[in-house]
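Notes for the one structure printed next.
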2 protein chains.
Amino acid sequence: MGLTKTEMFTSEQNQLAQLLKAMAHPARIAILQRILVFNTCICGDLVEELGLAQATISQHLRELKSVGIIQGTIEGVSVCYCINPETWKLLEAQIGAFLGSYKLEASCC
Amino acid sequence: MGLTKTEMFTSEQNQLAQLLKAMAHPARIAILQRILVFNTCICGDLVEELGLAQATISQHLRELKSVGIIQGTIEGVSVCYCINPETWKLLEAQIGAFLGSYKLEASCC
DNA sequence: TTAATAAATCGTAATATTGCAATATTATAT
DNA sequence: ATATAATATTGCAATATTACGATTTATTAA
């Protein structure tokens with residue numbers, strides 16, 4: 001099918017899955033890392049640095065933007081992208097709670 | 001294409017993307033959450049609780065196992081799955097470093 | 001207005017993912 | 001050995017993702 005049955009899961013599970021999925025690609029991780037280092041990023045720089053076509057980079061940026069992880073504003077002829085602090089905080093909270101709920105060291109099987 | 005150009009990224013970026021991708025599905029999040037609560041889990045229980053077909057659950061379990069997030073041992077006629085502590089620690093470290101490297105509150109654009 | 005630059009969108013090909021029925025495998029009990 | 005139970009695998013259909021060339025849109029400069 002290729003169609004996730006979202007109606008069988010809670011909105012929290014679906015939301016976390018959506019955020020993780022948006023980050024679950026090496027190009028999008030590389031994009032985010034560049035923003036984390038430089039605070040900001042412009043599509044053209046990424047095209048040069050990542051070695052992917054402009055259309056591909058633009059598509060990855062849209063994907064990150066569509067789930068709210070980044071935001072972009074027009075700066076003259078280019079577009080300035082940066083982290084959306086709200087979503088980033090949500091991400092940290094959700095993933096932190098999820099990963100942090102594992103306590104046992106001894107593997108049971 | 002549908003084919004990620006992994007050769008353009010570092011092994012760290014590819015590894016993190018692979019781990020995130022394995023978790024980036026609501027069914028797999030639900031499976032992990034159940035393991036986190038009960039410490040262990042058996043395929044049959046998940047089939048009843050999640051409302052997906054047995055073949056589908058088995059496939060999701062295999063995906064989580066293939067990246068090392070969970071491990072399974074045969075327990076009589078069923079299989080006991082639990083968290084793989086090593087991978088979980090790696091996940092916490094990698095994701096923690098990634099998310100934690102964002103410091104600025106003020107959005108720049 | 002026109003040209004130049006940057007980014008977004010469209011269209012498309014190749015590949016991956018999701019889900020399930022049917023079947024196969026594995027381990028226990030009789 | 002056979003039957004039963006639990007899980008894994010296979011094969012397939014529907015849909016999603018990835019990547020990119022070509023084109024369009026939007027903004028600035030001349």
Side-chain angles (χ1 to χ4, degrees), chain A residues 1-9 13-14 17-31 34-35 40-67 70-82 109, chain B residues 1-9 13-14 17-31 34-35 40-67 70-82 109:
Chain A
M1 299 194 166
L3 181 61
T4 298
K5 290 192 158 182
T6 54
E7 73 278 6
M8 310 205 131
F9 307 101
Q13 288 167 336
N14 284 314
Q18 191 184 41
L19 289 170
L20 290 173
K21 193 170 160 191
M23 296 196 302
H25 190 286
R28 293 195 291 273
I29 288 175
I31 289 171
R34 198 184 192 283
I35 299 183
T40 185
C41 104
I42 279 167
C43 180
D45 296 343
L46 293 165
V47 175
E48 283 180 28
E49 287 183 28
L50 299 195
L52 293 173
Q54 184 266 323
T56 307
I57 297 289
S58 189
Q59 203 171 273
H60 283 305
L61 286 168
R62 181 172 53 173
E63 208 153 337
L64 287 170
K65 196 179 166 192
S66 76
V67 299
I70 63 173
Q71 58 196 177
T73 46
I74 298 167
E75 289 247 330
V77 85
S78 53
V79 174
C80 169
Y81 284 101
C82 68
C109 45
Chain B
M1 303 198 167
L3 180 63
T4 298
K5 290 191 161 182
T6 53
E7 73 278 6
M8 308 204 131
F9 308 100
Q13 288 167 337
N14 284 315
Q18 191 184 41
L19 288 169
L20 290 173
K21 191 170 161 191
M23 297 195 302
H25 190 286
R28 294 195 290 272
I29 288 175
I31 289 171
R34 198 185 192 282
I35 298 184
T40 185
C41 105
I42 280 169
C43 180
D45 297 343
L46 293 165
V47 176
E48 284 180 27
E49 286 182 28
L50 299 195
L52 293 173
Q54 183 268 322
T56 308
I57 297 288
S58 187
Q59 202 171 276
H60 283 305
L61 286 168
R62 181 171 55 173
E63 209 153 338
L64 287 169
K65 195 179 165 192
S66 77
V67 298
I70 63 173
Q71 57 196 177
T73 45
I74 298 167
E75 290 247 328
V77 84
S78 53
V79 174
C80 169
Y81 284 103
C82 69
C109 44

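Below, chain A is the first sequence line, B the second, and so on; all start at residue 1.
Rounded to whole Å, atom C1' of C:dA7 lies 13 Å from atom CG of A:D45. The interatomic distance linking A:L64 (CG) with D:dT17 (C1') rounds to 14 Å, in whole Å. Rounded to an integer number of Å, the gap from CD of B:E63 to C1' of C:dA16 is 10 Å. We find that CG of B:L46 is positioned 9 Å from P of D:dT7, with the value rounded to whole Å. In this structure, B:L52 atom CG and C:dT18 atom C1' are separated by 10 Å, rounded to whole Å. As a whole-Å value, the separation of B:L50 CG from C:dT18 C1' is 15 Å. As rounded to whole Å, 11 Å separates atom P of D:dT18 from atom CD1 of A:I31. Rounded to an integer number of Å, the gap from NZ of A:K65 to C1' of C:dA7 is 11 Å.
Residue contacts for A:V77: at a heavy-atom cut-off of 4.0 Å it reaches a base atom on one of the strands shown. A:I57 comes within 4.0 angstrom of nothing in the nucleic acid, heavy atoms only. Using a 4.0 Å heavy-atom distance criterion, B:E75 is classed as making no nucleic acid contact. The residue A:S58 sits close to a base: some heavy atom pair falls under 4.0 Å. Using a 4.0 Å heavy-atom criterion, one finds that B:K21 contacts the sugar-phosphate atoms exclusively. Across all strands shown, A:T56 has heavy atoms under 4.0 Å from base atoms, whether or not it also approaches the sugar-phosphate. Among the atoms of the strands shown, only primed sugar atoms or phosphate atoms (P, OP1, OP2) are found under 4.0 Å from some heavy atom of A:T4. Using a 4.0 Å heavy-atom cutoff across all strands shown, A:A55 reaches at least one base atom of the nucleic acid.
Listed pair B:R62 / D:dA8 fails the phosphate criterion, with no side-chain N or O lying under 4.0 Å from OP1 or OP2. In this structure, B:K5 reaches the D:dC20 phosphate: one of its side-chain N or O atoms is under 4.0 Å from OP1 or OP2. Using a 4.0 Å cut-off, some side-chain N or O of A:Y81 falls inside it from OP1 or OP2 of C:dA8.
Between A:H25 and B:F9, the two ring planes are perpendicular [angle over 60°; tilted spans 30° to 60°].
The side chain of B:H60 has C:dG19 as its nearest neighbour among D:dT9, C:dA8, C:dG19. Among the nucleotides C:dG19, D:dA19, D:dT15, the one closest to the side chain of B:Q59 is C:dG19. Distance from the side chain of B:I42 is smallest for D:dT7 among the nucleotides D:dC20, D:dT15, D:dT7. Comparing D:dA8, D:dA19, C:dT18 against the side chain of B:C43 picks out D:dA8 as the nearest.
Between A:R34 and A:L46, the shortest heavy-atom distance links the atoms CD-CD2, 3.6 Å. Closest approach of B:T40 and B:C80 over heavy atoms only: OG1-SG, 2.9 Å. Pairing each heavy atom of A:L64 with each of A:A22, the nearest pair is CD2-O, 3.6 Å.
Contact annotation: side chain of A:Q54 to base of D:dC20, donor-acceptor pair absent below 3.5 Å.
Taken from CD1 in B:I31 to CD1 in B:I70, the straight-line distance is 7.0 Å, to the nearest 0.5 Å.
If B:L3 and A:L3 are placed on DNA chain C by their nearest nucleotide, the residue sitting closer to the 5' end is B:L3. Both B:I74 and A:G44 sit near DNA chain C, but only A:G44 has its closest nucleotide nearer the 5' end.
Between A:L20 and B:I29, the closest side-chain pair of non-hydrogen atoms falls below 4.5 Å.
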